[in-house]
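What follows is a set of notes on a single structure, which appears directly below.
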Amino acid sequence: MARTVPSLPPLSPHSHSKLSCNRHSLTQYSSTNIKEQGSQPLSQETVKELIKQSQEAKKHAYCRYSKFRVGAALLTNENRVFTGCNVENACYNLGICAERTAIAKAVSEGYITFKAIAIASDVSEKFITPCGGCRQFMREFGSDWDVYLSKPDGSCLKMTVDELLPVSFGPEDLYMEKTSASLSLPQEILLWSNTATIGQNCYAF
């Protein structure tokens, strides 16, 4: 279920937060480094609330095989929050991560632009990080939005999608100019596609 985060004033550039959440530093919070995509910095209260909701989502994790609970809270550009947890399956590769659950929920409701996502787990020794698949999944919706990697105590590390997945591949790459050779199939494939028929069905690449 989506929720709305109340509008909150951004932090002063010189203020600090007990969240201990900033870019590449674990002891200091700096609002000047917490920039949203085309918007104002997230306030301390909003970041705290986003992490809290990711921790709440973690409680619903269906992880009977790995016993590794993960929760995520996704903030859209419209200030709607969609939460998700990891859902595992007896056929292991069919499981879905918390980040992808939250994003899929948002997209299914018509939201495709995001400000930030917070991720929570039970690991206390390090900040939880998204897997490679989730990084690519997030990249589908832009590279310049924020990811808050948290610990159970609420502290967090802020990064961007681009920092988590540098030199990435995205939707825009599909529309880049291609060489003419890449638009034609090898002659043997064309020949096979013209002759491989069963009844009225033609099987071609």
Side-chain angles (χ1 to χ4, degrees), residues 5 10-11 13-55 57-58 68 70-77 79 81-84 86 96-104 106-107 111-176:
V5 172
L11 284 176
H14 303 292
S15 61
H16 295 79
S17 166
K18 294 181 180 179
L19 284 173
S20 300
C21 179
N22 70 2
R23 293 180 59 182
H24 314 306
S25 172
L26 312 184
T27 59
Q28 179 179 339
Y29 177 97
S30 172
S31 66
T32 59
N33 289 326
I34 300 183
K35 299 292 184 181
E36 303 176 44
Q37 185 176 2
S39 184
Q40 297 297 315
L42 286 183
S43 68
Q44 173 189 353
E45 291 84 359
T46 299
V47 174
K48 185 176 180 180
E49 177 64 20
L50 206 60
I51 292 172
K52 178 181 177 181
Q53 292 195 31
S54 71
Q55 292 173 335
K58 179 184 66 176
F68 194 94
V70 182
L74 177 71
L75 179 64
T76 73
N77 277 7
N79 290 329
V81 175
F82 290 86
T83 59
N86 54 322
I96 183 171
C97 299
E99 300 92 323
R100 280 181 273 176
T101 300
I103 293 173
V107 173
Y111 297 90
I112 59 172
T113 54
F114 310 123
K115 293 181 180 180
I117 187 171
I119 309 168
S121 77
D122 296 316
V123 177
S124 59
E125 295 182 1
K126 58 172 289 187
F127 294 102
I128 183 65
T129 57
C131 70
C134 284
R135 298 180 193 207
Q136 182 63 47
F137 204 84
M138 291 188 285
R139 170 62 180 86
E140 177 70 18
F141 303 96
S143 60
D144 189 25
W145 53 289
D146 299 335
V147 184
Y148 291 93
L149 317 174
S150 75
K151 290 183 179 181
D153 63 3
S155 61
C156 66
L157 174 65
K158 173 191 171 290
M159 299 186 72
T160 65
V161 174
D162 186 59
E163 289 171 331
L164 288 169
L165 190 67
V167 197
S168 62
F169 180 85
E172 62 277 7
D173 292 294
L174 298 176
Y175 300 99
M176 297 182 71

Q. Is there side-chain contact between Met138 and Ile117, with heavy atoms separated by less than 4.5 Å?
A. yes

**Q.** Heavy-atom pair of closest approach, residues Leu42 and Val47
**A.** CB-CG2, 3.9 Å

Q) With a 4.5 Å heavy-atom cut-off, do Lys115 and Trp145 have their side chains touching? A) no

Q | Leu149 to Phe127 - nearest heavy-atom pair and separation | A | O-CD2, 3.1 Å

Q | Residue pair Ile103 / Phe114, side-chain heavy-atom distance below 4.5 Å | A | yes

Q | Positive for side-chain contact (heavy atoms from CB on, under 4.5 Å) with Thr101, one of Ile96, Val70, Asn86 | A | Ile96

Q. Say you draw a straight line from OG1 of Thr83 to NZ of Lys52; how long is it, rounded to the nearest 0.5 Å?
A. 13.5 Å

Q: Spell out, as yes or no, whether a donor-acceptor pair under 3.5 Å connects the side chain of Gln55 to the backbone of Pro152.
A: yes

Q: Measure the spacing between NZ of Lys151 and OG of Ser121 and express it to the nearest 0.5 Å.
A: 10.5 Å

**Q.** Considering all heavy atoms, the nearest Glu163-Thr160 contact
**A.** OE1-N, 2.9 Å

Q: Report the residues that fulfil side-chain hydrogen bond (donor to acceptor under 3.5 Å, both in side chains) with Ser168, sequence neighbours left out, ordered by chain and then residue number.
A: Arg139

Q | Set of side-chain hydrogen bond (donor to acceptor under 3.5 Å, both in side chains) partners for Asp153, sequence neighbours left out | A | Ser155

Q. Where do Asp144 and Val161 land on the side chain to side chain contact (heavy atoms under 4.5 Å, CB included) test, with the steps shown first?
A. CA-CA 6 Å; Asp144 189 25; Val161 174; over 6 Å; no

Q: Report the C-alpha distance between Cys134 and Arg100 in whole Å, list the side-chain angles of each, state the deciding distance to 0.1 Å, and finish with yes or no for side chain to side chain contact (heavy atoms under 4.5 Å, CB included).
A: CA-CA 6 Å; Cys134 284; Arg100 280 181 273 176; 3.5 Å; yes

Q: Under the salt bridge (Lys or Arg N to Asp or Glu O under 4.0 Å) rule, collect the residues that match up with Asp122, sequence neighbours excluded.
A: Lys58, Arg69

Q.
Under a 3.5 Å cutoff, is there a donor and acceptor pairing between the side chains of Gln136 and Glu140?
A. no

Q) Closest approach of Ala57 and Ala72, non-hydrogen atoms and distance? A) CB-O, 4.0 Å

Q) Does Ser54 reach the main-chain N or O of Gly71 with its side chain, forming a donor-acceptor pair under 3.5 Å? A) no

Q. Got a donor-acceptor contact below 3.5 angstrom from the Arg135 side chain to the Leu165 backbone?
A. no

(Q) Could you report the tightest heavy-atom contact between Leu50 and Ala73, atom names first, then the distance? (A) O-CB, 3.3 Å

Q: Mind checking the CZ-OG1 spacing from Phe141 to Thr113? Nearest 0.5 Å is all I need.
A: 10.5 Å

(Q) Do Cys97 and Pro130 have side chains that approach each other closer than 4.5 Å (heavy atoms only, starting at C-beta)? (A) no

Q. Nearest 0.5 Å, what's the OH-NZ distance between Tyr148 and Lys158?
A. 5.5 Å

(Q) What's the separation between atom CG in Leu74 and atom CD1 in Ile119, rounded to the nearest 0.5 Å? (A) 10.0 Å

Q. So do the side chains of Leu75 and Phe82 get within less than 4.5 Å of each other, counting heavy atoms only?
A. no

